[in-house]
Every structure is written in structure tokens, then in C-alpha cells.
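Taking it in order: structure first as C-alpha cells, then the write-up.
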Amino acid sequence: MGKVIAPGGVGVTISSQSGWRMLALTAAEDELLATTPVEELLSLELLRPENIRDTLHAYQLAKHCNEKRVMAEAVKWGARLNDIAPGIIVTPLALDEFNGPRGDFYKNMFANCPAGRPGTADEVADVAELCWAARARLSPAPPSSSTAVLPLPIFMGR
């Protein structure tokens, strides 16, 4: 990231609330996910196939890992970083799941969204635009740094 975002710039990543819906990992596990070189990630005990319950758990771990890796990288450069963590968004993957073997699970999630419907990619893009705006101060810089990371959960409105 530090190679493409200038000091004082703004970065926006999009993760998922799914990474927050699993049991909490230990601080040591979070640190391993954040700092292990990419080519070594699959050798971690918690990412071994026998420790992943199903595809949902794999997805949750991937999204959790994304957030932790972004946070670890952000401390290396002086820019503002906001992580958008949307709830269920209509994407090709969500539609595949909706119409696949886990369809009932997805139909239940769609029906139980806070707004009574899933969100759209355009709504996530609107939040990203706000995060990039010069007037946006969603992530206050810590006293010792100009870098800040703020996970920003978003729920779709009507």
C-alpha cells in the first residue's frame, strides 16, 4: 500500500462483516494472520484444511485475515485508511450462494438484513466515496502517528 498511497493520502479497503461473525481468534493468531508472509499463510495451523469447518468458515477467516493484514501494513505508512465492512451485498458470489446448496441460509440472511433487503455495490461505492472525501474524518489519527485504521460496518438503508 505504501507504494501507491502518498503520505497524508487516503486508502479505502472493503472487507466484510463476515470476518466479525466467527469466534474471536487469540491475539497471537491475529498477529500471525497479519504478519506471516503470503507464501507461508497456508502453513499456519489455524488455516490448515482440517481446522476449517466449511466454506463459510473459510470465507470468514479470509475476510478477517484481510482486515488484520491491512491494519499491519497501514502502520508502515502515513496515510488515513478506512476499512468498509458491509453486511450482505448482492454480488455474483452472493447470487451463486443464494441459488446453490446453501440457498436457504442466504435467503434467511437476505430476509433478516436490518433494512429488509441486502445492499448493493453502488451503496458500498457511495460509502467509499465519502471515506475518500477531503472532508471525511472518519478515522482520527492516533497521537503518535498520522496513520489510522477504522473498520466501518455499514448496514443498508431503504
**Item:** ILVMFWY network linking Leu56 to Met109, side-chain heavy atoms under 4.5 angstrom
**Value:** yes
**Prompt:** Is there a path from Met22 to Ile52 through hydrophobic residues (I, L, V, M, F, W, Y) whose side chains come within less than 4.5 Å of each other?
**Reply:** yes
**Asked** In the hydrophobic cluster built from side-chain contacts under 4.5 Å, what are the other members alongside Leu93?
**Response** Tyr59
For the [atom1] atom of [X] and the [atom2] atom of [Y], what is their distance to the nearest 0.5 Å?
X      : Y      : atom1 : atom2 : answer
Asp122 : Asp126 : CG    : CG    : 6.5 Å
Gln60  : Leu23  : CD    : CG    : 9.0 Å
Ile89  : Ser16  : CD1   : OG    : 8.5 Å
Ile88  : Cys113 : CD1   : SG    : 6.5 Å
Glu29  : Leu61  : CD    : CG    : 9.0 Å

**Prompt:** Can you find a heavy atom in the side chain of Ile84 that is under 4.5 Å from one in the side chain of Thr13?
**Reply:** no
**Asked** Can you find a pair of side-chain heavy atoms, one from His64 and one from Asp30, that are under 4.5 Å apart?
**Response** yes
**Message:** Among residues at least two apart in sequence or on other chains, which ones pass side chain to side chain contact (heavy atoms under 4.5 Å, CB included) with Thr36?
**Reply:** Leu32, Glu40, Leu41, Leu44
**Prompt:** Under 3.5 Å, is there a donor-acceptor pair between the side chain of Arg48 and the main chain of Leu42?
**Reply:** no
**Message:** So that I can tick it off, tell me whether Arg117 and Glu123 are bridged by a salt bridge, with the cut-off set at under 4.0 angstrom between side-chain N and carboxylate O.
**Reply:** yes
**Side-chain donor-acceptor pair present, His57, Asn51, cut-off under 3.5 Å** = no
**Prompt:** Taking atom types as modelled, is there a side-chain donor on Asn108 or Asp104 under 3.5 Å from an acceptor on the other?
**Reply:** no
